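Order of the sequence lines sets the chain letters (A, B, ...), proteins ahead of strands, with each chain counted from 1. Computed from a predicted structure; not experimentally measured.
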2 protein chains.
Amino acid sequence: MHSVRADDQQWEPSVERPDGTRRRATIHDVAKLAGVSRQTVSRAVNDKGEIDPATKERVLEAARLLDYRPSRFARGMVQKGAVTAGLVIPDLMNPFFPEVAAGVLEAAEQRGWQVVVWDSRIDEAREREALDVLSHQADAVIGYFRSPDDVLARHLGGVPLVLLERGPQQTRFAAVGIDAAAGLERGMAHLVAAGHRRIGMLDGVHGPGPRRQAFLEEARRHGLPVDEGWTELCDEHSVAGGEAGMERLLDARPEITAVFGFNDLMAVGAMRAARRRGRRVPDDLAVLGFDGLSLGELVEPALTTLHIDKRRLGRLAVEQVARLRAGEEPMSGPDAWIIPELVVRASA
Amino acid sequence: MHSVRADDQQWEPSVERPDGTRRRATIHDVAKLAGVSRQTVSRAVNDKGEIDPATKERVLEAARLLDYRPSRFARGMVQKGAVTAGLVIPDLMNPFFPEVAAGVLEAAEQRGWQVVVWDSRIDEAREREALDVLSHQADAVIGYFRSPDDVLARHLGGVPLVLLERGPQQTRFAAVGIDAAAGLERGMAHLVAAGHRRIGMLDGVHGPGPRRQAFLEEARRHGLPVDEGWTELCDEHSVAGGEAGMERLLDARPEITAVFGFNDLMAVGAMRAARRRGRRVPDDLAVLGFDGLSLGELVEPALTTLHIDKRRLGRLAVEQVARLRAGEEPMSGPDAWIIPELVVRASA
DNA sequence: TTGTACGCGTTATCAA
DNA sequence: TTGATAACGCGTACAA
């Protein structure tokens with residue numbers, strides 16, 4: 001019977017190579033130390049049956065001594081089924097995205113998948129970097145990307161991709177998104193019903209997109225005296241970005257009585273800027289957000305907004321991945337498009 | 001010269017086994033289809049030199065046809081160095097944690113590590129589940145855990161762990177945390193200097209912890225007429241939790257003139273509850289938060305709070321992991337403890 | 001430029 | 001209950 005001891009002088013949580021350098025202990029080292037075969041070590045470590053309790057104890061002791069941990073790679077080689085998804089988020093500081101991420105994580109957990117998260121910090125170079133890594137280390141990627149399809153494809157190396165918030169006409173990849181047109185329709189109807197006609201919009205940093213397009217479309221439909229000149233590009237999707245944009249918009253279009261925010265953060269910024277200028281919200285200026293962050297309930301006046309089910313967006317993305325992996329057709333149309341719900345509070 | 005075509009009738013992004021089932025294409029299949037050796041495929045796919053451009057093209061075409069992607073496991077076996085850390089977060093909906101996560105992600109990215117994220121949703125069972133998975137799939141784990149050390153150890157299988165916000169006397173694992181005592185000292189000094197003596201506290205769901213302890217300690221130091229009876233346990237670390245707790249606290253201790261929130265969310269809830277009861281903030285009741293969420297700048301009155309550098313907390317945790325992996329002693333004491341900064345705004 | 005042979009660490013199969 | 005052997009898919013010397 002072997003006694004379990006790694007060394008006479010000292011034991012190390014690693015094993016010495018012939019050349020003197022140290023490497024992590026492998027199952028083989030444990031087997032040698034415990035005086036059993038690799039197979040027996042495997043049985044002990046993985047809690048299989050068919051092993052003598054005493055043997056098992058001896059093996060585990062040896063493993064502990066050597067600080068042995070099975071290589072996840074070697075394991076993965078032989079046991080199929082581990083799925084890792086990559087998730088690329090543009091800005092963890094914007095409360096919108098953690099909620100989407102929560103939906104992804106939740107759905108992934110239910111399927112037994114893991115999720116590797118990357119924060120691209122709204123930087124296309126970092127987007128590509130994320131893809132370079134994830135295309136090697138993940139079985140599929142979900143995320144927000146600004147890069148065009150061909151760039152994505154080039155850095156993707158064939159890994160399935162599900163884009164967040166990209167319309168079908170904007171990408172050939174699978175996607176889940178938000179029905180901006182349906183949202184703006186509801187929002188605009190609300191403002192027009194309240195008598196507003198001179199309505200502005202604070203647009204996101206990326207310029208003309210579905211939200212602005214839908215905004216202009218609705219303005220036209222309602223016959224409002226509103227065109228591109230009533231939209232103001234902001235340089236950050238943040239409260240500060242909204243404040244600065246609102247200042248400019250009020251300079252350019254002082255006659256507005258209502259304003260759409262690209263998102264809730266910017267809408268809150270708009271409220272603050274407007275009030276600083278002495279405009280009461282909603283009496284002098286109605287403000288409408290887009291997102292439905294819980295933050296909107298805490299500001300004063302509380303923010304009227306187009307609420308999006310962000311967790312569902314994340315869950316849907318995971319479902320798209322599952323379809324892709326199964327070789328099925330991804331969802332498209334209404335199934336993959338979340339319709340914002342108008343939540344009326346005090347600001348509009 | 002071989003022509004590249006997977007099949008005469010149809011091609012499939014997979015390969016048929018002798019038994020008729022399908023499996024993913026391997027490097028071997030690509031080699032066969034392209035009429036080269038596996039080695040050549042490897043060269044083509046990994047963009048090494050020393051390969052005829054025409055050959056490379058043929059190989060890549062074959063790879064495309066078979067939807068070939070290198071197995072990350074087989075790759076990992078032969079190329080060491082890929083590090084994956086696990087991150088366990090209790091609640092992605094609380095803006096505090098995404099910011100910590102951003103710090104972790106940032107530091108991990110700099111080191112070329114990946115991060116697998118889990119949302120334990122404040123559930124000890126899910127904590128253990130996370131550990132069971134991550135102990136297999138990650139090289140180290142960072143996270144918030146409520147489970148006691150021995151439970152953690154049992155589910156950890158020897159994987160290095162860095163605990164977030166656990167004091168040295170509370171765990172034998174490496175940790176990084178927040179110096180609650182230093183924070184409360186500053187906060188209490190501020191309130192006392194403003195003349196407050198009847199000060200209450202809304203405590204977190206987990207009951208007596210460093211923050212409450214420091215609160216009582218400071219109250220004693222300042223000779224305030226305050227004891228355990230002036231603290232109120234809340235059942236959620238949220239605005240709603242703070243509101244409900246504040247209602248109870250005002251019932252139990254209507255004489256209070258100031259209140260500490262366990263975190264900013266709860267402090268905001270406290271403000272709302274107080275104002276609903278007709279108390280003006282800060283005139284009738286001063287409210288002090290703990291976290292420094294940007295949210296606090298948006299509410300009215302803006303929240304005075306003990307600001308924590310949450311990103312730094314995350315970065316520090318990664319640094320601890322690096323030390324653990326290098327076999328070094330993890331940081332302890334002041335190096336691993338973040339001191340909250342008092343940010344005075346309108347609420348106190 | 002291309003191919004052969006081997007090792008990486010683990011689990012599964014089957015025989016002892 | 002235990003052990004020998006064969007995969008698993010890839011990269012990399014080294015040989016051709």
Original post:
So, does R58(A) use its side chain to make a donor-acceptor pair with the main chain of A34(A) at under 3.5 Å?
Top reply: yes

**OP:** Rounded to the nearest angstrom, tell me the gap between atom CD1 in I51(A) and atom C1' in dT2(D).
**Re:** 9 Å

Original post:
Nearest heavy-atom pair of A138(A) and V159(A): which atoms, and what distance?
Top reply: O-CG1, 4.0 Å

Subject >> Given dT4(C), dT2(D), dA12(C), the nucleotide with the shortest approach to the side chain of T55(A) >> reply: dT2(D)

**OP:** For dA12(C), take OP1 and OP2 only and decide whether either is under 4.0 Å from a side-chain N or O of K48(A).
**Re:** yes

Original post:
Where the side chain of A74(B) is defined as all heavy atoms beyond and including C-beta, which of dC10(D), dT2(C), dG9(C) is the nearest nucleotide?
Top reply: dC10(D)

Original post:
Which whole-number value in Å describes the distance from E50(A) CD to dT13(C) C1'?
Top reply: 12 Å

Original post:
Quick one: Q39(B) CD to dG7(C) P, roughly how many Å, whole number?
Top reply: 17 Å

Original post:
With no angle test and no hydrogens, is the base of dG11(D) tied to the side chain of R38(B) by a donor-acceptor pair under 3.5 Å?
Top reply: yes

Original post:
Where the side chain of Q114(A) meets the backbone of Q137(B), is there a donor-acceptor pair that is under 3.5 Å apart?
Top reply: no

Subject >> Shortest side-chain distance from I27(A), nucleotide among dC10(D), dT10(C), dT2(C) >> reply: dT10(C)

Original post:
Just how far, in rounded Å, is C1' of dT12(D) from CG of N46(B)?
Top reply: 11 Å

Subject >> Between C1' of dC8(D) and CE of M77(A), the distance in whole Å >> reply: 4 Å

**OP:** Quickly work out the F73(A) CZ to dA7(D) C1' distance and round it to whole Å.
**Re:** 20 Å

Subject >> Among dT2(D), dG9(D), dG11(D), the nucleotide that comes nearest once only the side chain of K80(A) is considered >> reply: dG9(D)

**OP:** Classify the nucleic acid contact of K56(A) as base, sugar-phosphate or nothing, counting any heavy atom under 4.0 Å across all strands shown.
**Re:** nothing

**OP:** Answer yes or no: does a side-chain N or O of S42(B) lie under 4.0 Å from OP1 or OP2 of dC10(D)?
**Re:** no

Original post:
So, does R146(B) use its side chain to make a donor-acceptor pair with the main chain of E127(B) at under 3.5 Å?
Top reply: no

Subject >> Integer-rounded Å distance: dG9(D) C1' and K32(B) NZ >> reply: 14 Å

**OP:** For dT1(C), take OP1 and OP2 only and decide whether either is under 4.0 Å from a side-chain N or O of T40(B).
**Re:** no

Original post:
Which nucleotide, dG9(C), dG11(D), dG9(D), lies nearest any side-chain atom of T26(B)?
Top reply: dG9(D)

Subject >> Nearest heavy atoms of D139(A) and P160(A), plus distance in Å >> reply: O-CD, 3.4 Å

**OP:** Answer yes or no: side-chain N or O of R72(B) and base N or O of dG9(D) forming a donor-acceptor pair under 3.5 Å.
**Re:** no

Original post:
For dG9(D), does OP1 or OP2 lie under 4.0 Å from any side-chain N or O of S71(B)?
Top reply: no

Subject >> Below 4.0 Å: OP1/OP2 of dG11(D) and any side-chain N or O of R75(B) >> reply: yes

**OP:** Quickly work out the Q79(A) CD to dA7(D) P distance and round it to whole Å.
**Re:** 18 Å

**OP:** Determine yes or no for a side-chain-to-main-chain donor-acceptor pair under 3.5 angstrom, with D91(B) supplying the side chain and I122(B) the backbone.
**Re:** no

